[in-house]
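Notes for the one structure printed next.
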Amino acid sequence: MATTAIPSETSQRAPAWPKALLVIGRVALGMVFLVAAYTKLHFNGGWHLGDYQFFFAMAIDSYNMLPLWAVEFMARFLPILEAVLGALLITGLGLRWAATITSALLLVFIGAMTRALILHIQIKCGCFGNDEPLTIYTLLRDSSLLVLALAVTIGAFLLKKPRDTVSS
């Protein structure tokens, strides 16, 4: 005698762990970006909201990649962008866009760091303030953050929010 299996309601639900991993990954990545922004804006025991760009511009210019006008723009713009991306990742607002921009930004950072290491330029990385030297370890750290950012980006696109359906 053959029996047919009746699917239970719980077996049709997607497992909760992918969403939990996405939340953990995006919050961790968001915290890293908030800390990075904080260390560029608050150093030597005080906030430097009016002059942080001068110190950060020196770190950016040491890579010898951008014209002066671009260095000045990036020095003003990057800490704010990092703070906004960190907040968006933590809250989950605009997650697909925030994760995609974060991945692209980390890719640019890694490219600049790799170029500096290949050319044996002895500089401060600028990642978390002005005191961190650029080494293979900072490159590996940022590369691991890129892997996390890519995982969050892919997860944000694959895990869709359940749509509310109206039953008639």
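We number each residue from 1, following the sequence as shown. Quick caveat: nothing in here was measured; it's all calculated off a predicted structure.
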Report task. Could you grab the distance from atom CE of Met31 to atom CZ of Arg26, nearest 0.5 Å is fine? Result -> 13.0 Å

Report task. Give a yes or no on whether Leu88 and Val23 share a hydrophobic cluster (residues Ile, Leu, Val, Met, Phe, Trp, Tyr; joining criterion: side-chain heavy atoms under 4.5 Å apart). Result -> no

Query raised in the report: In Å and rounded to the nearest 0.5 Å, what is the CZ to CG distance from Arg96 to Leu159?
Result: 9.5 Å

Report task. Using the rule that two of Ile, Leu, Val, Met, Phe, Trp, Tyr join whenever any of their side-chain heavy atoms come within less than 4.5 Å, decide whether Leu145 and Val35 are in one cluster. Result -> yes

Report task. State yes or no: do Ile136 and Met113 share one hydrophobic cluster built from I, L, V, M, F, W and Y residues joined by side-chain heavy-atom distances below 4.5 Å, directly or via other members? Result -> yes

Query - Minimum heavy-atom distance Leu134-Ala116, with the two atoms named - result: CD2-CB, 3.5 Å

Report summary line: Nearest heavy-atom contact between Ala83 and Leu34 is O-CD2, 3.4 Å

Requested in this report: Indicate, with yes or no, if Tyr38 and Leu41 share a hydrophobic cluster defined by side-chain heavy-atom contacts under 4.5 Å among Ile, Leu, Val, Met, Phe, Trp and Tyr.
Outcome: yes

Requested in this report: Assess whether side-chain contact (heavy atoms from CB on, under 4.5 Å) is satisfied between Leu139 and Thr135, documenting all intermediate values.
Outcome: CA-CA 7 Å; Leu139 180 63; Thr135 65; over 6 Å; no

Query raised in the report: Within a strict 4.5 Å, meaning less than it, do heavy atoms of the Cys127 and Arg141 side chains meet?
Result: yes

Query raised in the report: Within a strict 4.5 Å, meaning less than it, do heavy atoms of the Lys124 and Asp131 side chains meet?
Result: no

Report summary line: Per side chain to side chain contact (heavy atoms under 4.5 Å, CB included), Asp142 is matched among Leu107, Ile110, Thr114 by Ile110

Query raised in the report: How far apart are the closest heavy atoms of Ala75 and Pro79, and which atoms are they?
Result: O-CD, 3.4 Å

Query - Pro133 and Gln122, any side-chain heavy atoms less than 4.5 Å apart - result: no

Query raised in the report: Hey, quick one: are Leu81 and Ile90 part of the same hydrophobic cluster, counting side-chain heavy atoms closer than 4.5 Å, chains of contacts allowed?
Result: no

Query - Residue pair Thr100 / Phe157, side-chain heavy-atom distance below 4.5 Å - result: yes

Query raised in the report: Are any of the side-chain heavy atoms of Leu22 and Leu95 separated by less than 4.5 Å?
Result: yes

Requested in this report: Drop me the distance from Ile24's CD1 to Leu29's CG, to the nearest 0.5 angstrom.
Outcome: 13.5 Å

**Report entry** Derivation of the side-chain contact (heavy atoms from CB on, under 4.5 Å) call for Leu78 and Phe109
**Finding:** CA-CA 11 Å; Leu78 272 177; Phe109 292 163; 4.0 Å; yes

Query raised in the report: Hey, does Phe128 have a side-chain heavy atom less than 4.5 Å from the side chain of Val32?
Result: yes

Requested in this report: Please tell me if the side chains of Phe33 and Leu105 come closer than 4.5 Å, counting only heavy atoms from C-beta onward.
Outcome: yes

Query raised in the report: Would you call Leu89 and Val27 a side-chain contact if the rule is heavy atoms closer than 4.5 Å?
Result: no

Query raised in the report: Ser103 and Thr153: side-chain donor and acceptor closer than 3.5 Å?
Result: yes

Report task. Not counting sequence neighbours, list each pair that qualifies as a salt bridge (Lys or Arg N to Asp or Glu O under 4.0 Å) and has a residue in residues 71-85. Result -> Lys40-Glu82

Can I get a per-line list of side-chain donor-acceptor pairs under 3.5 Å for residues 60-71, giving both atom names and the distance, sequence neighbours left out?
residue, atom, partner, partner atom, Å
Ser62, OG, Ala59, O, 2.6
Tyr63, OH, Cys125, O, 2.9

